[in-house]
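Structure, as structure tokens:
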Amino acid sequence: MALALQLAEQGLYTTQPNPRVGCVIVKNNQIIGQGAHIKAGEGHAEVLALSIAGTEAKDADVYVTLEPCNHYGRTPPCVDALINAGVKRVVVAMQDPNPLVVGQGIKRLQSHGILVEIGLYEKQACALNAGFISRMTRQLPYVRSKVAASLDGRTALKNGKSQWITSEAARIDVQHWRAQSCAIITGIGTVLHDNPSMTVRLDNLPLTHAVRQPLRVIVDSHLQTPVDCKMLDGGILKSSPVVIAYAKDLSHKAHELSAAGAELVELPDAHGRVDLRALLANLAKRGVNEVLLEAGQGLNGGFLQANLIDEFIFYYAPKLMGADAQAMFAIPELTQMQQVTDLQILDVRHIGSDIRLRAMPIPPK
């Protein structure tokens with residue numbers, strides 16, 4: 001199963017909107033087939049592993065990181081392939097959260113006399129597909145907020161200057177998080193001040209990790225996005241479209257921005273700003289599993305207040321920027337310790353000269 005999980009990681013950047021799945025087939029203590037799902041519409045892990053095992057798959061044991069599918073999508077059901085191959089036992093890391101599948105694939109295997117075991121390396125399998133699970137169970141993507149800051153928690157000087165707080169190694173690491181995300185969200189403040197491209201820039205990846213440019217999303221309540229900004233560059237648009245979520249077209253720029261290639265989505269909340277939960281629900285309907293939030297303190301604060309951040313990725317640089325520099329999250333003043341956001345630290349490691357800390361919010365009791 002550990003090998004199956006490693007195989008599943010081959011689809012880290014490419015399987016969206018499908019889950020990442022790996023499969024290993026064993027007979028007489030020998031691996032006779034293995035496979036990974038790499039891209040939607042292409043072969044599933046079980047089918048690829050069975051094609052290698054051939055007739056030897058009869059009476060074999062199958063280790064798969066996700067419950068085999070029992071419905072027709074872009075490809076036929078994997079359970080039928082396993083049944084027809086005559087396998088003896090299927091070990092499943094986790095059930096498929098897809099309502100079309102959940103438990104049905106397992107029941108069908110069992111109905112044909114195949115022994116099914118569930119739960120081996122379940123935690124690791126769930127972590128690999130956190131976005132897919134979130135979209136299937138909550139109808140919302142899994143949101144990671146990436147923040148680059150000094151050791152005293154500042155993201156930019158008072159005048160807005162922030163290039164570069166972190167090292168080149170940290171900036172390269174961020175590219176990997178971008179690459180595995182289905183969408184990148186930023187705010188109009190970042191667009192106006194930094195004019196970023198927000199694309200994935202990674203070289204020397206194996207063919208199985210070919211970079212797919214994510215959807216790029218600008219949260220721009222009053223449509224202030226410049227038509228000539230880098231994110232609306234025509235050459236990039238072909239492989240990485242841009243969605244602008246807005247509340248009201250105060251500048252009467254909707255037609256101009258649409259002509260520049262952006263897709264505009266009107267999602268106002270009761271306060272005249274973009275409804276962030278509605279935005280995430282919209283992205284989920286598009287098949288977006290994972291979102292990387294790369295924004296300033298305003299939008300970061302908005303997502304934090306709305307309890308829409310599932311994980312934080314903090315990059316701390318060995319610098320001190322002082323109390324007047326900009327903070328990570330712009331939120332109203334807290335007056336009681338019960339109001340603070342408690343975090344569970346998931347991982348801490350050095351990335352170049354910086355420290356990367358991953359954490360997730362602990363739900364209030």
For Met1 and Val91 the tightest heavy-atom approach is CE-O, 3.4 Å
Between Lys27 (side chain only) and Lys58 (backbone N and O only), is there a donor and an acceptor less than 3.5 Å apart? yes
query: Quick check: does any side chain N or O of Asp96 sit under 3.5 Å from a backbone N or O of Val102, one acting as donor and the other as acceptor?
result: no
**Item:** Donor-acceptor contact present, side-chain Lys253 to main-chain Thr225, <3.5 Å
**Value:** yes
When you compare the side chain of Val265 with that of Ile244, does any pair of heavy atoms fall below 4.5 Å?
no
Legend entry - Lys146 side chain vs Val174 backbone, donor-acceptor pair below 3.5 Å: no
Smallest heavy-atom separation, Lys230 atom then Asn195 atom, equals N-OD1, 2.9 Å
Pair Ile184, Val291 - check side chain to side chain contact (heavy atoms under 4.5 Å, CB included), show working.
CA-CA 6 Å; Ile184 300 170; Val291 164; over 6 Å; no
Discussion item. Taking Val227 as the starting point, is it possible to reach Val219 by hopping between hydrophobic residues whose side chains are less than 4.5 Å apart?
Written reply: no
Indicate, with yes or no, if Val92 and Val62 share a hydrophobic cluster defined by side-chain heavy-atom contacts under 4.5 Å among Ile, Leu, Val, Met, Phe, Trp and Tyr. yes
Looking only at heavy atoms, the pair that brings Ser181 and Pro214 closest together is O-CB, 3.3 Å
Q: Under the salt bridge (charged side-chain N to carboxylate O under 4.0 Å, His left out) rule, what do Glu263 and Arg286 come out as? Steps first, then yes or no, please.
A: CA-CA 13 Å; Glu263 178 188 345; Arg286 298 167 185 257; 2.7 Å; yes
Test item: Glu67 side-chain N/O and Gly105 main-chain N/O as donor-acceptor pair under 3.5 Å
yes
Original post:
Under 3.5 Å, side chain of Asn28 to main-chain N/O of Gln30, donor-acceptor pair present?
Top reply: no
Applied to residues 254-308, the ring-ring contact (aromatic ring centres under 6.0 Å, His included) test, sequence neighbours excluded, yields none
Could you tell me if Ser150 and Arg154 have a donor-acceptor pair between their side chains, going purely by distance under 3.5 Å?
no
Worksheet entry | Short side-chain donor-acceptor distance under 3.5 Å, Tyr246 and Arg273 | no
Minimal heavy-atom distance between Leu82 and Pro68, with the atoms involved, is CD1-CG, 3.7 Å
Will you find, in the side chains of Asp354 and Thr166, an N or O donor that is under 3.5 Å from an N or O acceptor? no
query = Within a strict 4.5 Å, meaning less than it, do heavy atoms of the Ile362 and Leu343 side chains meet?
reply = no
Between Ser258 and Ala254 (side chain of the first, backbone of the second, donor and acceptor by atom type, cut-off under 3.5 Å), is there such a pair? yes
Per side chain to side chain donor-acceptor pair (under 3.5 Å), Asn289 is matched among Arg135, Gln16, Arg20, Gln180 by Arg135
Any donor-acceptor N/O pair, Thr186 side chain to Glu294 backbone, under 3.5 Å: yes
Heavy-atom nearest pair, Arg108 first then His112, reads O-ND1, 3.1 Å
- Task: Examine distances only and state if a side-chain atom of His37 and a backbone atom of Gly43 form a donor-acceptor pair shorter than 3.5 Å.
- Result: yes
With sequence neighbours left out, the residues meeting ring pair (Phe, Tyr, Trp, His ring centres under 6.0 Å) with Phe312 are Phe314, Phe329
Run the salt bridge (charged side-chain N to carboxylate O under 4.0 Å, His left out) check on Asp173 and Arg356 step by step: do they pass? CA-CA 10 Å; Asp173 191 66; Arg356 188 188 76 190; 3.0 Å; yes
For the backbone of Gly302 and the side chain of Gln305, can you confirm whether one donor and one acceptor N or O come within less than 3.5 Å of each other? no
Closest non-hydrogen contact found for Met231 with Arg216 is O-NH2, 3.2 Å
Members sharing Met321's hydrophobic cluster, built from side-chain contacts under 4.5 Å between Ile, Leu, Val, Met, Phe, Trp and Tyr, are Leu157, Ile165
